[in-house]
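Notes follow once the structure below has been shown.
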Number of protein chains: 2
Amino acid sequence: MFERLCIIGIGLIGGSIAKAARAEGLCQQVVALGREKNLPNMQRALELGVVDAVYTDTARAMAGTDCVIICTPVGSMQAIFTQLKPYWNPQTLYSDAGSTKGSVVEAARAVFGDVPSNFVPAHPIAGAERSGVEAAKVDLYKNRRLIMTPLSSTDAGAVDKLGEFWRRIGSSVSVMTVEHHDTVLAATSHLPHILAFALVGMLGRKDEQREIFKYAAGGFKDFSRIASSDPTMWQDICLANKQEIIPLIQQFQAELGRIEQLLLRDNASGLFDAFSYAKQARQRFLETFDDPT
Amino acid sequence: MFERLCIIGIGLIGGSIAKAARAEGLCQQVVALGREKNLPNMQRALELGVVDAVYTDTARAMAGTDCVIICTPVGSMQAIFTQLKPYWNPQTLYSDAGSTKGSVVEAARAVFGDVPSNFVPAHPIAGAERSGVEAAKVDLYKNRRLIMTPLSSTDAGAVDKLGEFWRRIGSSVSVMTVEHHDTVLAATSHLPHILAFALVGMLGRKDEQREIFKYAAGGFKDFSRIASSDPTMWQDICLANKQEIIPLIQQFQAELGRIEQLLLRDNASGLFDAFSYAKQARQRFLETFDDPT
């Protein structure tokens, strides 16, 4: 599909895209572009055979590149667009893998005035609490959903070709608006991460005073897994989508307030109803999750 | 160790104790006692070979029984003690597997005046979102913690013998006060379950209006697993330990309020610090969890 794919930010996400693109024969060459301070990680990507070459120089990285995928934390998108602007090529396709889309589009607008028609914002919904290129997996996107959020000004050909690219690395591609994406992901991903970070932080402080983690069970292990996610990435995501996240935090506090009232009033049937509804809702989620096509 | 072990409430918890006790040769016979309405489940336990006999008649179940373990939801403890009282045998050892201990001790006190010295409250910290005897596993308690909460009036010989029993089915046994148990478990188990039920309930209502579960990822699957727990069991636990749980709900709301403030003020470093602390705390938990001895 492409002569040369350039990944900016060769960590878990970018490294897994590189591996999958190579495995599926979607490009002749894969290269990484990054900053000096990321050279050790990029060298590791080279040693592991995840990429064919690594660059810290933008001009050299862009020469001959016909597809660029930006895989850095969403807070650095504006800096990346600024860096790419002098070399922006109308013949090249651009996409990203950011977990928020409104902030990415805003960053593009801030740098280019209008969002370039050959940039197709995307979000592969896959990840893990691990990070770094060593954690990259060729099948990270297999049978996982990917959302593309083209604007009305986005080139239809670019959407088609990048959609094809994502599908061929195994994703089930959906298209929706930027706003819808950010609303849905705030609920299903950003809020749960905040709850996990908040809970584990709160219990961590208790544990420093009197050991409690020792008596936590497997349920807690699963519940808290996402609190092991990368703090920089999540600081960026939370700030980038705070307009959607803050109202959800408030809704959740109200939800907890209702449970507190049920407890105060010894309302057993109210608790039973709330817990049963949640159990059924999770069953519905599981049926959806097991079949992402 | 015992001639005849009687399990009251032969579901996941009781069934797993029965299987393990039998596998380890800790009793000649295992029987189940339950109500008429639970006969189908008890018959299933019989068919599966989990128990040797099932009873709905307390007198017959207790005849020849020298160890009784109560594995019903904690809300029914007082009714069970009332049912056992006429047949209470000073030579028999009694224990339970309830997730709250204060309420169990209170139920015993309400029925017997004083908590009988041959009753040793216990809580095996293991479980799963599945329930019922079909889900019972011989190794459910292997390498899992178990907390015994004897009172000052509890017979030391009973504590020793039951401690030995729990250890031989694979548990790592700790002894602590009833109050300490209920404080610790409210934080590491009861609050996380409430958060999971509350979140999945809230998202379930959103999903009914506009599909969102479709776009949830593996992180959400793990985070929400405990929301598939048994609603009756959790209604009972939450009410039984509400004195400990309610202040934790309030602390957690305050914790969320702090994150909300960091978002409102675009305080990136504050978010980074909070998330990093949580990530490190979880690492500490994982190191504890992997080595429960």
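Every chain is numbered from 1, with letters handed out A, B, ... down the list of sequences. Note that the coordinates shown come from a computational prediction; the quantities given were computed from them, not determined experimentally.
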Exercise. Should A:Arg284 and B:Glu211 count as side-chain neighbours, where that means a heavy-atom distance under 4.5 Å?
Worked result: no
Problem set entry | Heavy-atom side-chain contact between A:Arg225 and B:Lys221 under 4.5 Å | no
Exercise. Between B:Ile212, B:Ile194, B:Thr183, which has the largest tally of heavy atom pairs under 4.5 Å with chain A?
Worked result: B:Ile212
Exercise. Mind checking whether A:Asp222 and B:Phe223 have side chains closer than 4.5 Å, heavy atoms only?
Worked result: no
For this session: Name the option with the most non-hydrogen atom pairs under 4.5 Å to chain A; the candidates are B:Ala198, B:Ala274, B:Ser189.
Result: B:Ala198
For this session: Sort A:Lys214 into side chain, backbone, both or neither according to what part of it lies under 4.5 angstrom from a heavy atom of chain B.
Result: both
For this session: Considering only heavy atoms and a distance below 4.5 Å, find which of B:Leu264, B:Leu262, B:Asp236, B:Asn267 pairs most often with chain A.
Result: B:Leu264
Exercise. When heavy-atom pairs shorter than 4.5 Å are enumerated against chain A, which of B:Gly270, B:Pro192, B:Gly219 gives the highest number?
Worked result: B:Pro192
Problem set entry | Per-residue contact mode, A:Gln283 against chain B (heavy atom under 4.5 angstrom) | neither
Seminar exercise, completed: Bottom line for A:Leu203: the part with an atom under 4.5 Å from chain B's heavy atoms is side chain
Exercise. Heavy-atom distance under 4.5 Å to chain B: side chain of A:Gln280, backbone, both or neither?
Worked result: neither
Problem set entry | Side chain, backbone, both or neither of B:Arg205 within contact of chain A (heavy atoms, under 4.5 Å) | both
Exercise. Can you tell if the side chain of B:Glu255 reaches within under 4.5 Å of the side chain of A:Leu195, non-hydrogen atoms only?
Worked result: no
Exercise. Which bit of A:Ile147 is near chain B, if near means a heavy-atom gap under 4.5 Å: side chain, backbone, both or neither?
Worked result: side chain
Seminar exercise, completed: Rounded to the nearest 0.5 angstrom, the CG-CD1 distance for A:Leu256 and B:Ile246 is 12.0 Å
For this session: Determine, stepwise, if the pair B:Ile249 / A:Leu263 fulfils side chain to side chain contact (heavy atoms under 4.5 Å, CB included).
Result: CA-CA 11 Å; B:Ile249 289 178; A:Leu263 290 174; 3.9 Å; yes
Exercise. Could you give the distance from NZ (A:Lys279) to CH2 (B:Trp234), rounded to the nearest 0.5 Å?
Worked result: 12.5 Å
Problem set entry | Portion of A:Met176 that has a non-hydrogen atom of chain B nearer than 4.5 angstrom | side chain
Exercise. Does any non-hydrogen side-chain atom of B:Phe275 lie less than 4.5 Å from one of A:Cys238?
Worked result: yes
For this session: Please determine, among B:Leu271, B:Leu191, B:Ile245, B:Leu199, the option with the most heavy-atom pairs under 4.5 Å with chain A.
Result: B:Leu199
For this session: Kindly indicate whether the side chain of B:Ser224, heavy atoms from C-beta on, has any atom under 4.5 Å from the side chain of A:Phe285.
Result: yes
Problem set entry | Close side-chain approach of A:Met202 and B:Leu248, heavy atoms under 4.5 Å | yes
Problem set entry | Structural part of A:Tyr215 lying under 4.5 Å from a heavy atom of chain B | both
For this session: Determine, step by step, whether B:Glu287 and A:Phe213 satisfy the side chain to side chain contact (heavy atoms under 4.5 Å, CB included) criterion, reporting the C-alpha distance in whole Å, the side-chain angles of both residues, the deciding distance to 0.1 Å, and the verdict.
Result: CA-CA 10 Å; B:Glu287 283 152 18; A:Phe213 281 148; over 6 Å; no
Exercise. Heavy atoms, side chains only, cut-off 4.5 Å: are A:Gln251 and B:Lys206 in contact?
Worked result: yes
Problem set entry | Ion pair check, A:Glu260 and B:Lys242, cut-off under 4.0 Å | no
Seminar exercise, completed: With chain A, the option among B:Ser269, B:Ser174, B:Gly257 that has the most non-hydrogen atom pairs under 4.5 Å is B:Ser174
